[in-house]
Amino acid sequence: MSVYAYRRTLATLAVAAAFHAPALADEAPAVPAEKPAAEAPAKKVEAEIYNSEVFKTYLAVVREITPLVDESDPRATIQALTTFDFTPDTKQKLAKLFGNDKPLHITATPGDDGGTSVDFMLDPLHYDSEDGKLHADWTGITAKSVYDKTYTHVETNGHSDAFTLSVPDGKQMAVKNITLHGSMRQDAAKLWLGSVHVDADSATIGKPAALVSLSGISAKINILPVAKAKALDIEYDTAINSIGWGSEQAGPVRMDVRLNHVDEQAFVDMKNDSRKLNVQSLSPEERQNQSMQLMMRFGMQALARGVGVDIKNLSVQYHGKEAGITGHVVAKPMTMVELQDYKVASKKVTARVDVYVPMAMALDVATTIFSQVSKGQGSPGLTDDQMHEMAKSMLDGQLKKMQSEHYVRVDKDVIRTTLEFKGGKFLVNGRNVDMPTFKLPAKAAKKG
């Protein structure tokens, strides 16, 4: 991968963790609830993070480094980064927060074969906000990118021991033993294609009394050219060996999805717009809004030129049983005018998604939820067997109702259903279901 792409990947991991740790913890499986009054609103927590000195300093660093990077010219980028120094103002911010005004070190060494080896090091960083509500620790990063003599192929390997974050509402996030490998090549259009693979041994998210733990985390992205077309296929493959909460555990969890025939120009435009956004001085709200608009524009450009999604494997195992989803979505090319008209656009989109859940797994999940809700509400005197029977009774009743209405079918003790969208109609297990119509916001459709 390119020098900047690697630095951006690692930095984004940390900042994304800061943005989303509160939300991730809020979506964790049910556990005995704390009193609502003790919960800080998610928006307030996000605002405190966005307005923190550490986040403002991160933005200052990004604004200074982004203009140095030209992904079409690795030689120039390496030269710029290895001779770069932060401005006095940013150095002052870094020294105040971390006691270190130059935590990022980049050096380049010529190779015997005519290529270049680029070494990255981010010093260990520790941060405590003045009010004591926000804490972050990073053990640092070491990485190496090796370019061949043409500067069109690069292999990158990186490692960090641990990253921890505590946010104002008391939630915590910790990730341990993070490794990264990238293998990228530059095509004739100066676009970097190839794969990036990030692993982590473990992660924990949530409040100390209700932590969700993940182990064996693996995330891969692979960008492939489409032959004889200015388009890309993008593969996302994420796996988690186990997810634990309280006394419960699920896993492995798998998400294997492929975007087919993504318009290359839309992809390039998104990257360029992202770079422009990075160098702007914006309020947190403005930055968030413009980021959303950027993603909307990318989505609209991709839809306008036609795109497909293959859901190869979305699955989770629980108590040794697996539930999952497979399917595909195809959108034919359409104009922006057609995209604004739901009736027209919907007839150019087809989709089929198959869902399967073993009966035994559904009962286990229902029993666990029923048990945790009952305990959280302080319901007295129910044994595990009684809660199991009550959950079974409720599940049987719901399942019979859904079968009688032809929304699901049961095949060899597996609950199945098929969701389809074709000709502007939405079908559940072959039964037509009315869908609300909508119109795309005008702002999102302007650029395309």
Side-chain angles (χ1 to χ4, degrees), residues 13 16-17 20-33 159-165 171-181 195-222 235-258 310-327 353-373 375-376 384 387-388 391-392 395 412-417:
L13 287 174
H20 301 300
L24 287 170
D26 287 339
E27 295 172 3
V31 293
H159 177 261
S160 181
D161 286 331
F163 171 76
T164 60
L165 174 75
K171 293 186 178 74
Q172 301 174 358
M173 178 177 183
V175 186
K176 295 183 179 180
N177 195 22
I178 308 161
T179 60
L180 179 145
H181 174 71
S195 64
V196 177
H197 184 180
V198 180
D199 289 329
D201 280 357
S202 64
T204 54
I205 305 171
K207 290 192 173 182
L211 284 176
V212 176
S213 60
L214 297 82
S215 68
I217 306 160
S218 174
K220 303 175 186 176
I221 179 171
N222 194 19
E235 299 175 335
Y236 299 92
D237 190 355
T238 301
I240 302 172
N241 188 54
S242 68
I243 301 176
W245 66 100
S247 61
E248 290 293 329
Q249 183 170 298
V253 177
R254 183 80 182 275
M255 183 185 74
D256 187 358
V257 176
R258 179 175 177 131
D310 283 338
I311 305 171
K312 299 165 76 173
N313 184 357
L314 291 181
S315 64
V316 59
Q317 291 188 23
Y318 184 64
H319 293 184
K321 308 163 190 80
E322 181 183 279
I325 298 172
T326 60
V353 175
D354 293 302
V355 183
Y356 63 93
V357 182
M359 287 277 290
M361 181 177 177
L363 179 56
D364 282 351
V365 171
T367 301
T368 298
I369 293 174
F370 187 83
S371 174
Q372 292 184 341
V373 170
K375 291 175 181 177
D384 289 344
M387 284 188 283
H388 178 84
K392 185 176 185 302
L395 179 62
K412 296 180 180 179
D413 293 325
V414 177
I415 304 168
R416 298 183 183 275
T417 192

With rounding to the nearest 0.5 angstrom, report the [atom1] to [atom2] distance, [X] to [Y].
X	Y	atom1	atom2	answer
L363	D413	CG	CG	11.5 Å
Q172	I205	CD	CD1	11.5 Å
I243	L214	CD1	CG	5.0 Å
L180	S160	CG	OG	11.0 Å
T417	I325	OG1	CD1	11.0 Å
K220	H197	NZ	NE2	5.0 Å

Is [Y] close to [X] at the side-chain level, that is, under 4.5 Å between some pair of heavy atoms?
X	Y	value
M361	I415	no
H159	N177	yes
D354	Y356	no
P358	Y318	no
E248	D364	no

K321 NZ: over 12 foreign heavy atoms closer than 6.0 Å: yes
Exercise: identify the closest heavy-atom pair between [X] and [Y]:
X	Y	value
T164	A174	CG2-CB, 3.7 Å
V175	A200	CG1-CB, 3.7 Å
S215	I240	O-CG2, 3.7 Å
L211	G206	CD2-O, 3.4 Å

Single hit among V198, D199, D201 for side chain to side chain contact (heavy atoms under 4.5 Å, CB included) with T179: D199
From V253, V353, V257, residue fulfilling side chain to side chain contact (heavy atoms under 4.5 Å, CB included) relative to L314: V257
R254 with D256: basic N within carboxylate O range, under 4.0 Å: yes
